[in-house]
Undergrad: 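This is the structure I want to talk about, given as C-alpha cells.
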Amino acid sequence: MQKRTVLLSAAALAVIAATTNTWAQAQPKLKVGFMLPATGTFASLGTAIDNGFRLYVAEQGGKIGGREVEYVRVDDESDPAKATDNVNKLIKRDNVDVIVGTVHSGVAMAMAKAAKESGTLLIVPNAGAAAVTGPMCAPNIFRSSFSNWQPGYAMGEVAAKKGHKKIVTITWKYAAGDETVKGFKEAFEKGGGTVVKELSLPFPNVEFQALLTEIAATKPDAVFTFFAGGGAVKFVKDYAAAGLKKSIPLYGSGFLTDGTLEAQGADADGLITALHYADNLPNKRDQNFRLAYAKTYKLQPDVYAVQGYDAGQMLGIGLNATKGDAKNIQGFAQAVRAAKIDSPRGPFTISKSHNPVQDIYLRKVVGKENVLEGIASKALADPGLGCKM
Ligand code: BEZ
C-alpha cells in the first residue's frame with residue numbers, strides 16, 4: 001500500500017514536471033519592436049538607444065519576464081509624415097509585444113496615438129514631447145528619458161542665477177525645440193531675466209549663418225539653444241567659427257554636447273549645459289555600466305545609451321511583475337510606478353503621468369567629457385499638464 005502511494009506520487013510528480021516544462025517552453029518569445037532613426041541627423045542617437053537596451057537584455061541572459069527576447073526594427077528616419085505607417089508596421093504586421101521608440105518628438109506623438117488606440121505597450125527612450133506624458137498619456141505609455149521642459153527649465157534657473165538679463169534662444173522649429181525653449185524661458189524670466197529674441201529654423205536644417213549674424217547684431221548677454229545629433233555638431237562649430245564663442249556665452253540643454261564631442265573637438269570646450277546625465281557621475285552603478293558598454297561596443301556611452309538601458313530596465317520591472325504578460329497593463333503599470341529605477345544616471349522614479357522624476361545635472365565640457373559641475377535641479381518633475389489617467 002505504502003509502495004503504491006510512493007509510485008503514484010512519483011507518477012504525479014512526473015506529470016507536474018512535464019506540464020511545467022511544457023509551460024516554460026510554451027512561453028513565446030517576447031517581440032520587441034524598435035522604432036528608431038537609422039538614417040539622418042539622429043541616426044547615432046538611435047544606435048546608442050538600441051545598444052543600451054540590448055546590453056540590459058544581455059545582462060539578464062537574453063530574457064525579460066521569463067521570455068526570450070527577439071527584435072524587429074523599423075527606421076523611422078525622424079520623419080513625422082511616415083510615423084503612423086511605420087508604427088502600424090510594428091503593431092499590425094509584426095504583432096510586437098512592446099514598442100521601444102523613438103528619438104524625435106514629432107514621430108513620438110504619432111506613436112503615442114497608435115499605442116493609445118491599440119493598447120500596445122510603448123516605452124519612449126528619448127523623445128521629450130510634452131503631449132506623450134501630458135494630454136496623450138495612457139496606462140500603457142511610459143518614458144525612460146525626460147520631458148523637453150525638464151533640461152530647459154533647469155538651465156533657465158541656472159542662467160538667471162548667473163546674473164544674465166538678456167538672452168536670445170535658437171533652435172529647430174518643432175516640439176522639442178519649442179518646448180525646451182518654453183521651459184528655459186519660464187525659469188529664466190521667473191528669475192528676473194528676459195528672452196529678447198526667439199530664433200528658429202525648420203528641422204533638420206543646419207544653415208545657421210543668417211541667424212548667427214542676427215545674434216551678433218542683437219548682442220545678448222548669452223544664448224540658449226536646443227540642438228542634438230548631427231545638427232548640434234554643426235551648430236557648435238558654426239558658433240565658434242562666427243567668432244561668437246569668445247564674446248557671447250552659449251548654454252544648452254545637454255543634447256548640444258552629448259554623443260557629439262569627438263566631432264565638435266575644441267569648439268565645444270567649456271560649454272555649459274543641463275541634462276539628466278554626465279560623463280563622470282560618482283556612482284558605482286554608472287561606473288559598471290560604462291565599463292560594460294565600452295567592453296561590448298568599443299565606444300563610450302552617452303545619455304541616449306542610458307535611456308535605452310533604462311527602457312530595458314522598466315520593461316524588466318513591469319514584465320517580471322506580470323510573469324511576462326505584456327497585455328496585463330494594469331499589473332505592469334503598478335510595478336513600474338512603485339519602482340525606484342536603479343539607473344546609471346542615479347536612481348529615479350516615475351511620475352503619475354509616467355515621466356522620470358530625476359536630478360538634472362549642470363555639466364561643463366572638458367576635453368571629450370561632459371564633466372559634472374553640480375546639480376542644477378534636484379528631483380525635477382515635469383508638470384504633466386493635461387494628463388488624465
Ligand atoms: C526630441 O525630438 O524630442 C529630441 C531629439 C533629440 C534629442 C532630444 C530630444
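One is the number of the first residue; the rest follow in order along the sequence.
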Undergrad: Is there a continuous path of hydrophobic side-chain contacts, each under 4.5 Å between heavy atoms, that joins Y297 to V69?
TA: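 As far as the 4.5 Å side-chain criterion goes, V69 and Y297 are connected within one cluster.
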Undergrad: Side chains of L36 and D75: does their closest heavy-atom pair fall under 4.5 Å?
TA: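 Not in contact.
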Undergrad: So, using ring pair (Phe, Tyr, Trp, His ring centres under 6.0 Å) as the criterion, who are the partners of F142 when residues are at least two apart?
TA: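 F142: ring pair (Phe, Tyr, Trp, His ring centres under 6.0 Å) contacts with F332, H354.
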Undergrad: Are the side chains of F289 and P301 in touch, meaning some heavy atoms are under 4.5 Å apart?
TA: yes
Undergrad: According to ring pair (Phe, Tyr, Trp, His ring centres under 6.0 Å), who are the partners of Y174, at least two apart in sequence or on a separate chain?
TA: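 Testing Y174 for ring pair (Phe, Tyr, Trp, His ring centres under 6.0 Å), a comparison that skips the adjacent residues, returns H104, F203.
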Undergrad: Report the C-alpha distance between M109 and K113 in whole Å, list the side-chain angles of each, state the deciding distance to 0.1 Å, and finish with yes or no for side-chain contact (heavy atoms from CB on, under 4.5 Å).
TA: CA-CA 6 Å; M109 285 191 267; K113 183 167 183 290; over 6 Å; no
Undergrad: Counting C-beta onward and ignoring hydrogens, is there a side-chain heavy-atom pair between L122 and V98 closer than 4.5 Å?
TA: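 Result no, sub-4.5 Å side-chain heavy-atom pair not found.
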Undergrad: List the residues meeting salt bridge (Lys or Arg N to Asp or Glu O under 4.0 Å) with K234, not counting sequence neighbours, and say none if there are none.
TA: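 With sequence neighbours excluded, K234 shows a salt bridge (Lys or Arg N to Asp or Glu O under 4.0 Å) to D238, given in chain and number order.
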Undergrad: Under 3.5 Å, is there a donor-acceptor pair between the side chain of K298 and the main chain of K295?
TA: yes
Undergrad: Check each of V72, I99, V100 against V32 using the side-chain contact (heavy atoms from CB on, under 4.5 Å) test, and report the only one that passes.
TA: V100
Undergrad: Counting N and O atoms only, with roles assigned by atom type, does the side chain of D258 sit under 3.5 Å from a partner on the main chain of D302, one being a donor and the other an acceptor?
TA: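 Judged by distance alone, no pair lies under 3.5 Å.
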Undergrad: Looking at residues at least two apart in the chain, or sitting in another chain, which of them share a ring pair (Phe, Tyr, Trp, His ring centres under 6.0 Å) with Y153?
TA: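 Y153 satisfies ring pair (Phe, Tyr, Trp, His ring centres under 6.0 Å) with W149 only.
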Undergrad: Is there a donor-acceptor pair under 3.5 Å between the side chain of Q300 and the backbone N or O of R290?
TA: no
Undergrad: Are the side chain of T41 and the backbone N or O of P204 linked by a donor-acceptor pair below 3.5 Å?
TA: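 Flag not set: sc T41 to bb P204 has no pair under 3.5 Å.
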Undergrad: Can you tell me how far apart CZ (F255) and OH (Y304) are? Round to the nearest 0.5 Å.
TA: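 Going from the CZ atom of F255 to the OH atom of Y304 covers 5.5 Å.
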Undergrad: Less than 4.5 Å apart, any side-chain heavy atom of I272 and any of L250?
TA: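 No - every pair of side-chain heavy atoms lies 4.5 Å or more apart.
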Undergrad: List the steps and the verdict of side chain to side chain donor-acceptor pair (under 3.5 Å) for D359 and S377.
TA: CA-CA 6 Å; D359 294 346; S377 199; over 6 Å; no
Undergrad: With a 4.0 Å cut-off, would you call D50 and R54 a salt bridge?
TA: yes
Undergrad: Is D76 salt-bridged to K82, going by a charged N under 4.0 Å from an acidic O?
TA: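 Looking at D76 and K82, the cut-off is not met.
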Undergrad: Give a yes or no on whether F53 and M111 share a hydrophobic cluster (residues Ile, Leu, Val, Met, Phe, Trp, Tyr; joining criterion: side-chain heavy atoms under 4.5 Å apart).
TA: no
Undergrad: Any heavy-atom pair between the side chains of L315 and L121 that's under 4.5 Å?
TA: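 With C-beta onward as the side chain, the pair touches.
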Undergrad: Pair up each side-chain donor or acceptor in residues 368-375 with any protein partner under 3.5 Å, not counting sequence neighbours, and list the distances.
TA:
| from | atom 1 | to | atom 2 | distance (Å) |
| --- | --- | --- | --- | --- |
| N370 | OD1 | T257 | OG1 | 2.7 |
| N370 | OD1 | R363 | NH2 | 3.2 |
| N370 | ND2 | T257 | O | 2.9 |

Undergrad: Taking atom CD of Q27 and atom CD of E68, what is their separation to the nearest 0.5 Å?
TA: 11.5 Å
Undergrad: Within a reach of under 6.0 Å around CD of E262, are more than 12 heavy atoms found that belong to other residues, nucleotides or ligands?
TA: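 No, because the 6.0 Å sphere around CD of E262 holds 12 heavy atoms or fewer from other groups.
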Undergrad: Decide yes or no for N126 and I49: does some side-chain heavy atom of the first lie under 4.5 Å from some side-chain heavy atom of the second?
TA: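 Yes. Closest side-chain heavy atoms under 4.5 Å.
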Undergrad: Does any non-hydrogen side-chain atom of P125 lie less than 4.5 Å from one of S145?
TA: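 They are not in contact (no side-chain heavy atoms under 4.5 Å apart), so the answer is no.
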Undergrad: Quick one: which residue pairs count as a salt bridge (charged side-chain N to carboxylate O under 4.0 Å, His left out) with a foot in residues 83-108, not counting sequence neighbours?
TA: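 Only R67-D97 qualify under salt bridge (charged side-chain N to carboxylate O under 4.0 Å, His left out).
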Undergrad: Who are the ring pair (Phe, Tyr, Trp, His ring centres under 6.0 Å) partners of F188, not counting sequence neighbours?
TA: F184
Undergrad: Between L212 and L244, is any pair of side-chain heavy atoms under 4.5 Å apart?
TA: yes
Undergrad: Go through N355 and Q150 one step at a time and tell me if the side chain to side chain donor-acceptor pair (under 3.5 Å) criterion holds.
TA: CA-CA 10 Å; N355 191 65; Q150 285 176 308; 3.3 Å; yes
Undergrad: Are W172 and V107 joined in one hydrophobic group, where the rule is that I, L, V, M, F, W and Y side chains link up if heavy atoms are under 4.5 Å apart?
TA: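 No, because W172 and V107 fall into different hydrophobic clusters, even though each may have its own neighbours under 4.5 Å.
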Undergrad: Under 3.5 Å, is there a donor on one side chain and an acceptor on the other for Q313 and D310?
TA: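 Checked: Q313/D310 side chains pair up, N/O donor to acceptor below 3.5 Å.
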Undergrad: Verify the neighbour count for atom NZ of K219: are there more than 12 heavy atoms of other residues, nucleotides or ligands below 6.0 Å?
TA: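 Incorrect, the count does not exceed 12.
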Undergrad: Would the number of heavy atoms belonging to other residues, nucleotides or ligands and lying under 6.0 Å from NZ of K116 be above 12?
TA: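 Yes, because the 6.0 Å sphere around NZ of K116 holds more than 12 heavy atoms from other groups.
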Undergrad: Who pairs with D267 by salt bridge (Lys or Arg N to Asp or Glu O under 4.0 Å), at least two apart in sequence or on another chain?
TA: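 Only K237 meet the salt bridge (Lys or Arg N to Asp or Glu O under 4.0 Å) criterion with D267.
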Undergrad: Are V96 and I123 co-members of a hydrophobic cluster defined by side-chain heavy atoms under 4.5 Å apart?
TA: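 No, I123 does not connect to V96 through the hydrophobic network.
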Undergrad: To check you understand the geometry: which heavy-atom pair defines the closest contact between S353 and M389, and what is its length?
TA: CA-CE, 3.9 Å
Undergrad: Mind listing the side-chain donor-acceptor pairs of residues 55-64 below 3.5 Å, one per line with the distance, residues two or more places apart or on another chain?
TA:
| from | atom 1 | to | atom 2 | distance (Å) |
| --- | --- | --- | --- | --- |
| E59 | OE1 | Y309 | OH | 2.5 |
| Q60 | NE2 | Y56 | O | 3.3 |

Undergrad: Taking the six-membered ring for Trp, are Y361 and Y277 closer than 6.0 Å centroid to centroid?
TA: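 Here the rings of Y277 and Y361 have centres that are no less than 6.0 Å from each other.
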Undergrad: Let me check something: do F235 and V103 share a hydrophobic cluster, defined by ILVMFWY side-chain heavy atoms less than 4.5 Å apart, either directly or through other members?
TA: yes
Undergrad: Can a salt bridge be assigned to the pair K182 and E186 using a cut-off of 4.0 Å between side-chain N and carboxylate O?
TA: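 Not counted as a salt bridge, because no side-chain N and carboxylate O are separated by less than 4.0 Å.
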Undergrad: Look at R285 together with D342 and state whether they make a salt bridge at an N to O cut-off of under 4.0 Å.
TA: yes
Undergrad: First locate atom CD1 of I167, then atom NZ of K162, and finally report the distance between them rounded to the nearest 0.5 Å.
TA: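 One gets 10.5 Å once the value is rounded to the nearest 0.5 Å.
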Undergrad: List for me each residue that meets salt bridge (Lys or Arg N to Asp or Glu O under 4.0 Å) alongside D382, sequence neighbours excluded, and say none if there are none.
TA: none
Undergrad: Let me see the working for F146 and F348 under ring pair (Phe, Tyr, Trp, His ring centres under 6.0 Å), right down to the final yes or no.
TA: CA-CA 11 Å; F146 61 91; F348 71 89; over 10 Å; no
Undergrad: Sequence neighbours left out, cut at 3.5 Å: what donor-acceptor pairs do the side chains of residues 222-232 make with other protein atoms?
TA:
| from | atom 1 | to | atom 2 | distance (Å) |
| --- | --- | --- | --- | --- |
| T225 | OG1 | I170 | O | 2.7 |

Undergrad: Donor-acceptor pair, N328 side chain versus G331 backbone, under 3.5 Å?
TA: yes
Undergrad: Could you tabulate the donor-acceptor pairs under 3.5 Å formed by side-chain atoms of residues 191-201, not counting sequence neighbours?
TA:
| from | atom 1 | to | atom 2 | distance (Å) |
| --- | --- | --- | --- | --- |
| K197 | NZ | E214 | OE2 | 3.4 |
| K197 | NZ | T218 | OG1 | 3.3 |
| E198 | OE2 | K185 | NZ | 2.8 |

